[in-house]
Structure formats: structure tokens, C-alpha cells
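A quick write-up on the structure given underneath.
We count ligands from 1, going down the list as the structure has it; atoms in each ligand are counted the same way. Position 1 is the first residue of the sequence; numbering continues from there.
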Amino acid sequence: MTAASTQERLAALQKEIVRRNPAQPEFHQAASEVLQSLEPVLTARPELAEAALIERLLEPERQVVFRVSWQDDEGRARVNRGFRVEFNSAPGPYKGGLRFHPSVNLSVVKFLGFEQIFKNALTGLGVGGGKGGSDFDPRGRSDAEVMRFCQAFTTELYRHIGAGTDVPAGDIGVGSREIGFLFGQYRRITNRWEAGVLTGKGTGWGGSQGRTQATGYGNVLFLAEMLRRRGQDLAGRQALVSGSGNVAIYTVEKLHELGARALTVSDSAGYVVDEKGIDLELLKQIKEVERGRVRDYAERRGASAVYVPGGSVWEVPADVALPSATQNELNVADALTLVRGGVQAVSEGANMPVTPEAVRILRDAGVAYGPGKAANAGGVAVSALEMRQNSGRETWPRERVENELASVMRDIHEVCWQTAERYGTPGDYVTGANVAGFERVTEAMLAQGLL
Ligand code: NDP
């Protein structure tokens, strides 16, 4: 195939995705980003364009949409929609988190599941891609309501998952509390103590040390590696972090450990800028213990912190930025502001937080840009290590997990770097991540025949 005919085929495929998956803009966006990277690899390796491999990659192996009915504290019946999209299991069991947020719909779950295929392949730890969740909003719900919702959700989900089939974990709105409720109901229904069916469990009952920290830590390690390639160091840098959940908190922790200063955190209502650097103990107390808001942080922190309702953290000048909240949270205007403020690197803790046009602006300005499917793969990597521990009934010390995480993140950086060089786009981590992930998954699919 020539480059021109490959381009034509990819353009036709993009149109076909929009036609076959109407009203799924997030999925179109994620698919389009990958397809735009594939021309060089398909031209050089035409066997990876055969047997409808790309078409198969774009079509989930299975999509489950189900009703979740549960009772609130007033005794009223409530109904939500549950999803599990099992995208690709050629490299290993489906693996990917569950998101509980009112914005969850099939498009969001499919974009996340599609990204997960490539991310999981990059870890090299033998996991396929999937994702799930519900439009249930846990915010403002009591523990008892969250428990009843999780139990109702698992009453349908349990039949689709299993340690060798599909292994969910957390994501937005799903942390260790929810994983506990999901696991409890799975155990109750199946009468099996099957640790490997979910990851992100408590460390006292099958969870891995270091899983809570893994995504944030991994992203900072990836960022440090990008800077190192440019002859730069993270120490002494000012950093912007968005979000204030699991990923954001441990991003701040690792930034501080490596000598950088995190200036901001945010939530959907506003952001905090703290010129002395975010006080991690206070942030953890408010977010993890009290389930409070970043506004509370500013009120208790004293003079160094200012709360800005609305707006976005990208207004604050800094050296590096780590978006860690949600998809499309950093747009063209934000990218231009960041570039004007002298940002040198952007590394994605969240999935697809930077819009495609904003990515173009950052890259044109020479900013190092680490896409989420590479930069935030630390979470799923440690989840895969949790599965290993579960299958051998082992408990690894924290130090071992952290060493493995550091080594996986270095390897991911290296494979993205090398792949980008091999296909003539040096320093382009988007091509590197998409092509390396694509090669690994399609090679596995090709070897396993048409299914
Ligand atoms: P959490 O639920 O712990 O935290 C999410 C944070 O993002 C909250 O501060 C939340 O604010 C904010 N947020 C969510 N939606 C929006 C929105 N629409 N607008 C503004 N702020 C928003 O989730 P995680 O930290 O686990 O996940 C954050 C991101 O990281 C997601 O994109 C997720 O897919 C990705 N990720 C997570 C992994 C993990 O291991 N947990 C692994 C890899 C990627 P508020 O409370 O106001 O909603």
C-alpha cells in the first residue's frame, strides 16, 4: 500500500466510525486521534492492515448496557444506567476502570475503553482493554446509598466479569470504598473469594501496596523522563495540577518528593492556587477523610492560598502542567495561555484532557506533550501487578511495587520514544504511543486468527 492509499482508507474509516456510532463525539475523538497516527506503520507493515484488523479494533468485542435500580435513604426507588464495554481481549483479560459520574454515557465509556486497549498494551503486562461505569452521581449520597447502588450494579455486572475474563478497577467516582462494596456483592452472589476479579482493593484483603498512588506517581515519573530527554530536571519547577481526586493527590505527592512545587488543585466548582505549594496533609484530610471541596482547603490553609470560583488552573503561569481531572478540560484558549506563561511540558494524568486543537498548539510551540495512554498507564500497570499477586496469593512490599512501577514507566517512555523515531516523528509521544500500542495488539490479534 502506498502512503496515499493508506491515507484514503483511514479517512474512509473515520467517516464510517461517525456513521456507525452516531452521537458518540468522545469516541469519535479518541478513534480519530489514533487513526491519524497510523499511516506510517500501515504503509511500512501492510500485514497490519489485513484481515480487517483496524475495523475489528474499532468495534468492541462486547457491549453491555443494563438497568440499575436501587433504593435511596428515603425509601424511594431510583434507576440508573450501567455500562461495561469489553473492547479487546487479544493481549489478556479485559481490564479498565468503572466511572460513576452523571456525564457517563456509551460514548464516554467507549472512548475510555478504546484508549485503554493501547494503554494496557504499552504496559507489556498482558492485559486487554475495557471500561464501564454508570451515570450514578455518588456526590452527596450517604455511604448506605452508595453501598446499595454498588450492590445493585454488581447484581448485573457479576455475570460478565471474572479474574480470567474481565477485571474492573476504579476511575472517577469509584475509589476504595466503592471497590469494597462491589467486591462484597460479587463474593456474596458467586460464593467465591476471587481476589483477582477487581483491582484497587484494600491492602488488608487482596489489594496491592502502591495502587492508590500509582497513576499520579506514574505520570510524574513519565514527565520527569520527558524532561530528562531534553536535558532538564523536575526539581525546582512550578507545576499546575487540575482535579483533586485520586490522581491529582498523588501527582502532588510525587511532584513534591522530586523537588517540584505543585501550585494548584481544582474541582468542578473552582480552583485553589497556593503560592507556598499545596499542603498535602491538609488536602488529603479534606478530600480523603472528609470528602470535602477545594474551597474548604483555601479557607483552612491561610494567607498563601486563594480560591478562584469557576475558571481553570491553566490561568496560572508555571513550568509544567499535569491535567488530572477529566476529558477535554484543557482547550485552545487554555493552551495559548499556558504557552504564553512559558510552560515546557504537559503530561496527562486524566484520559484525553487536552482537546485535539489544544494538543496541536502545544506541540507547535515545542512543548513536550505526554498523552494519557502513555503517561497515566501507571495505574493499570499496578493493577496488573495486583492481579499477579492475587493469582499467586502473594503480598509484595511497597518498595517492590514502586520499583516495578518506575521500571514500567521508563519502559513505556522508551518504547514511545523509539517508536516515534522509527516512524520518522522524533519526540512525538502521540505517534509513539498509538503506533507501539497498535503494533502489540494487532500482532496478538493476527496470531490468534479471525474472531
Ligand atoms: P476522582 O473521582 O478521584 O477525582 C476526579 C476529580 O476530577 C475531582 O476533583 C473532580 O471534581 C474532578 N472532575 C471530574 N469531572 C469533572 C468535570 N466535568 N469538570 C471539572 N472537574 C471534574 O477520579 P480520578 O482521580 O481517579 O480520575 C481523574 C482522571 O484520571 C480521569 O480522567 C480518569 O479517567 C483518569 N485516570 C484515573 C486512573 C486511576 O487510577 N484512578 C487511571 C488512569 C486515568 P468534582 O469532585 O467537583 O467532580
Side-chain angles (χ1 to χ4, degrees), residues 26 30 95-104 108-109 111-116 118-120 122-123 129 131-133 136-141 146 168-179 199-200 207-208 210-219 222 241-252 264-272 283-284 286-288 290-297 309-314 322-331 334 347-354 370-384 386 405 409:
E26 292 86 0
K95 180 95 199 81
L98 297 171
R99 177 177 291 191
F100 292 169
H101 192 271
S103 64
V104 168
V108 168
V109 177
F111 116 65
L112 290 163
F114 184 69
E115 294 264 303
Q116 200 82 43
F118 300 86
K119 181 189 308 195
N120 294 5
L122 286 172
T123 68
K131 200 84 187 188
F136 170 71
D137 188 355
R139 274 200 305 170
R141 291 282 169 206
V146 171
D171 191 81
I172 292 178
V174 179
S176 56
R177 174 183 61 170
E178 289 74 18
I179 294 291
T199 59
S208 177
R211 173 59 186 92
T212 308
Q213 296 81 3
T215 308
Y217 278 21
N219 187 26
F222 191 90
V241 178
S242 63
S244 51
N246 169 263
V247 177
I249 290 170
Y250 293 95
T251 298
V252 171
T264 60
V265 284
S266 68
D267 58 30
S268 51
Y271 74 90
V272 154
L283 181 65
K284 284 186 181 175
I286 289 170
K287 294 302 301 182
E288 294 185 337
E290 301 169 20
R291 295 184 184 271
R293 313 292 294 158
V294 298
R295 176 196 283 272
D296 306 329
Y297 173 95
S312 81
V313 300
W314 321 122
L322 301 103
S324 308
T326 195
Q327 64 270 12
N328 294 327
E329 56 163 310
L330 197 163
N331 61 24
D334 301 322
S347 199
E348 296 183 337
N351 286 307
M352 211 167 74
V354 184
K373 58 172 84 75
N376 72 35
V380 73
V382 173
S383 273
E386 183 171 326
L405 171 65
M409 296 314 297

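For atom 20 (C) of ligand 1, a protein non-hydrogen atom is found at a distance below 4.0 Å.
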Between Thr123 and Val380, does the side chain to side chain contact (heavy atoms under 4.5 Å, CB included) criterion hold? Intermediate values first, please. CA-CA 8 Å; Thr123 68; Val380 73; 3.9 Å; yes
Apply side chain to side chain contact (heavy atoms under 4.5 Å, CB included) to residues Trp314 and Leu330 and explain how you reach the verdict. CA-CA 8 Å; Trp314 321 122; Leu330 197 163; 3.8 Å; yes
List the steps and the verdict of side chain to side chain contact (heavy atoms under 4.5 Å, CB included) for His101 and Asp137. CA-CA 5 Å; His101 192 271; Asp137 188 355; 5.7 Å; no
Given the rule in the side chain to side chain contact (heavy atoms under 4.5 Å, CB included) test, do Glu348 and Asn219 qualify, once you have shown the distances and angles that lead to the verdict? CA-CA 7 Å; Glu348 296 183 337; Asn219 187 26; 5.8 Å; no
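Residues Gln327 and Pro353 are not in side-chain contact: their nearest non-hydrogen atoms beyond the backbone lie 4.5 Å or more apart. Side-chain atoms of Val272 and Thr264, non-hydrogen and from C-beta on, never get closer than 4.5 Å to each other. For the pair Val252/Ile249, no side-chain contact is recorded, criterion being any heavy-atom separation below 4.5 Å from C-beta on. In this structure, the side chains of Glu329 and Ser312 stay at 4.5 Å or more apart for every pair of heavy atoms.
Salt bridge present: Lys131 and Asp171 bring a charged side-chain N and a carboxylate O closer than 4.0 Å. Between Lys373 and Glu115, at least one side-chain N (NZ, or NE/NH1/NH2) sits under 4.0 Å from a carboxylate O, which counts as a salt bridge.
For atom 31 (C) of ligand 1, the nearest protein heavy atom (residue, atom name, distance) is Ala325 O, 3.3 Å. In terms of protein heavy-atom proximity, atom 4 (O) of ligand 1 is nearest to Gly245 CA, 3.3 Å. In terms of protein heavy atoms, atom 16 (C) of ligand 1 is closest to Thr326 CG2, 3.6 Å. In terms of protein heavy atoms, atom 48 (O) of ligand 1 is closest to Ser268 OG, 3.7 Å. The protein heavy atom nearest to atom 33 (C) of ligand 1 is Asp171 OD1, 3.2 Å. Looking from atom 23 (O) of ligand 1 to the surrounding protein, the closest heavy atom is Ile172 CA, 3.4 Å. Taking atom 40 (O) of ligand 1 as the reference point, the nearest protein heavy-atom neighbour is Thr215 OG1, 2.7 Å. Nearest protein heavy-atom neighbour of atom 46 (O) of ligand 1: Arg293 NH1, 3.0 Å.
Contact between Arg139 and ligand 1 is present, with at least one heavy atom of the residue lying under 4.0 Å from the ligand.
Of the heavy atoms in Arg211, only side-chain atoms (C-beta onward) come closer than 4.0 Å to ligand 1. Neither the backbone nor the side chain of Ala169 comes within 4.0 Å of ligand 1, counting heavy atoms alone. Proximity of Ser266 to ligand 1, defined as any heavy-atom pair under 4.0 Å, is confined to the backbone N, CA, C and O atoms.
In terms of polar-atom proximity, Gly170 is not counted as a contact of ligand 1, lacking any N or O under 3.5 Å from an N or O of the ligand. Between Val247 and ligand 1, at least one N/O pair is under 3.5 Å apart. Between Lys287 and ligand 1, no pair of N/O atoms sits closer than 3.5 Å. Residue Lys119 places no N or O, backbone or side chain, under 3.5 Å from any N or O of ligand 1.
For the atom pair CG (Asn376) and OG1 (Thr251), the distance works out to 9.5 Å, reported to the nearest 0.5 Å. Within the model, atoms CZ of Arg295 and CG of Asp267 stand 9.5 Å from one another, a figure rounded to the nearest 0.5 Å.
In the vicinity of Arg99, heavy-atom distances shorter than 4.0 Å reach the ligand 1 atoms 31 (C), 32 (O), 33 (C), 34 (O). For ligand 1, the atoms closer than 4.0 angstrom to any heavy atom of His101 are 15 (N). Those atoms of ligand 1 that come under 4.0 Å of a heavy atom in Ala350, given as number and element, are 29 (C), 30 (O), 32 (O), 35 (C). Those atoms of ligand 1 with a heavy atom of Gly243 less than 4.0 angstrom away are 9 (O). For ligand 1, the atoms closer than 4.0 angstrom to any heavy atom of Asn376 are 43 (C), 44 (C).
Considering every non-hydrogen atom in both Thr199 and Lys95, the closest pair reads OG1-NZ, 2.9 Å. Of all heavy-atom pairs between Phe222 and Ser347, the closest is CD2-OG, 3.9 Å.
Looking at Leu112, Asn351, Asn328, Thr199, it is Asn351 that brings a heavy atom closest to atom 32 (O) of ligand 1. Across the listed options Ala375, Gly173, Gly349, Gly173 owns the non-hydrogen atom lying nearest to atom 2 (O) of ligand 1.
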